[in-house]
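The analysis underlying the following values was restricted to heavy atoms, covering all of them including side chains, and did not include hydrogens, waters or symmetry mates.
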Amino acid sequence: MIRVGLGFDAHPFNERRPFILGGIEILGSPGLSGHSDADVLSHAVADGLLGAANLGDLGALFPNDERWHGASSLRILSETADAVAAAGWSIVNVDATVIAEVPRLNPYRDRMIGNVAEALRIADADVSIKATTTDHLGFAGRGEGIASIAVVLIERTNLTR
């Protein structure tokens, strides 16, 4: 049995925070507001995985409390992968798109893929990360923040569940 999950996340820019995306700090760009490190890419992937495995949403597993304040989203992603595995599923692949006018993400793409793949314990070849703009439309186009969307595929590894 296989399942598909769709994840989404968006955060506004916050000049007082570092900009973390795919577990990489990108210098020269404002950070994002959020309870954890506000890594929209990792959050979208985790959201898709939780949906595919029918495990709720990010707020249910990672509430806005002190335990998760400023937490690394790669840790959140890794713990999500653990929850998916405990529910009897394995991750097949991830396809994610970051929606932002700035910064340009291509120089960081391979490192982001490696970080996400490592957190999920899958091969780099099973993670696709792309970036697009909105041609200056909407909140991302106006430079107010960024968003990410992810599609994930999981397969049942434990048929007794």
Determine whether [X] and [Y] fall in the same hydrophobic cluster, where Ile, Leu, Val, Met, Phe, Trp and Tyr are linked whenever their side-chain heavy atoms lie under 4.5 Å apart.
X     : Y      : result
Val45 : Leu61  : yes
Leu41 : Ile149 : no
Ile2  : Val92  : yes

Practice item. Please assess Asp126 against Val94 for the test side-chain contact (heavy atoms from CB on, under 4.5 Å), listing each intermediate value before the final yes or no. Key: CA-CA 6 Å; Asp126 296 328; Val94 171; over 6 Å; no
So which heavy atom on [X] is nearest to which on [Y], and how close?
X      : Y      : answer
Thr134 : Ala140 : OG1-C, 4.2 Å
Ala87  : Leu55  : CB-CD2, 4.1 Å
Arg104 : Thr133 : NH1-CG2, 3.6 Å
Ala46  : Leu58  : CB-CD2, 3.6 Å
Pro103 : Ile26  : CG-CG2, 4.2 Å
Ala131 : Leu105 : CB-CD1, 4.0 Å

Point to revise | Worked check of side-chain contact (heavy atoms from CB on, under 4.5 Å) between Ser36 and Ile76 | key: CA-CA 9 Å; Ser36 66; Ile76 290 171; 4.0 Å; yes
**Study point:** Lys/Arg N to Asp/Glu carboxylate O, Arg17 vs Asp37, below 4.0 Å
**Key:** no
Answer yes or no: is there a side-chain heavy-atom contact under 4.5 Å between [X] and [Y]?
X      : Y      : result
Trp89  : Arg156 : yes
Glu155 : Met1   : no
Pro12  : Phe139 : no
Ile122 : Val127 : yes
Ile99  : Ser148 : no
Pro107 : Arg109 : no
Val151 : Val4   : yes
Ile91  : Val152 : no

Check your understanding: Does the Asp9 side chain pair with the main chain of His43, one donor and one acceptor, at a distance under 3.5 Å?
Key -> no
Check your understanding: Are the side chain of His11 and the backbone of Ser33 linked by a donor-acceptor contact shorter than 3.5 Å?
Key ->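 Checked: pair present.
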Report the distance from atom [atom1] of [X] to atom [atom2] of [Y], rounding to the nearest 0.5 Å.
X      : Y      : atom1 : atom2 : result
Ser90  : Leu120 : OG    : CG    : 11.5 Å
Asn106 : Ile129 : CG    : CD1   : 11.5 Å
Leu32  : Ile20  : CG    : CD1   : 9.0 Å
Asn115 : Leu77  : CG    : CG    : 10.0 Å
Ser73  : Glu79  : OG    : CD    : 11.5 Å
Phe13  : Ile146 : CZ    : CD1   : 5.5 Å

Review point. Is it the case that Arg121 and Ser78 place a side-chain donor and acceptor less than 3.5 Å from each other?
Key: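 Distance-only check passes for Arg121 and Ser78.
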Review point. Are Glu118 and Asp124 close enough, and set up right, to give a side-chain contact (heavy atoms from CB on, under 4.5 Å), and what steps lead you there?
Key: CA-CA 8 Å; Glu118 182 178 354; Asp124 288 10; over 6 Å; no
Check your understanding: Phe62 and Thr80: side-chain contact (heavy atoms from CB on, under 4.5 Å), yes or no, with the steps?
Key -> CA-CA 9 Å; Phe62 309 103; Thr80 298; 3.3 Å; yes
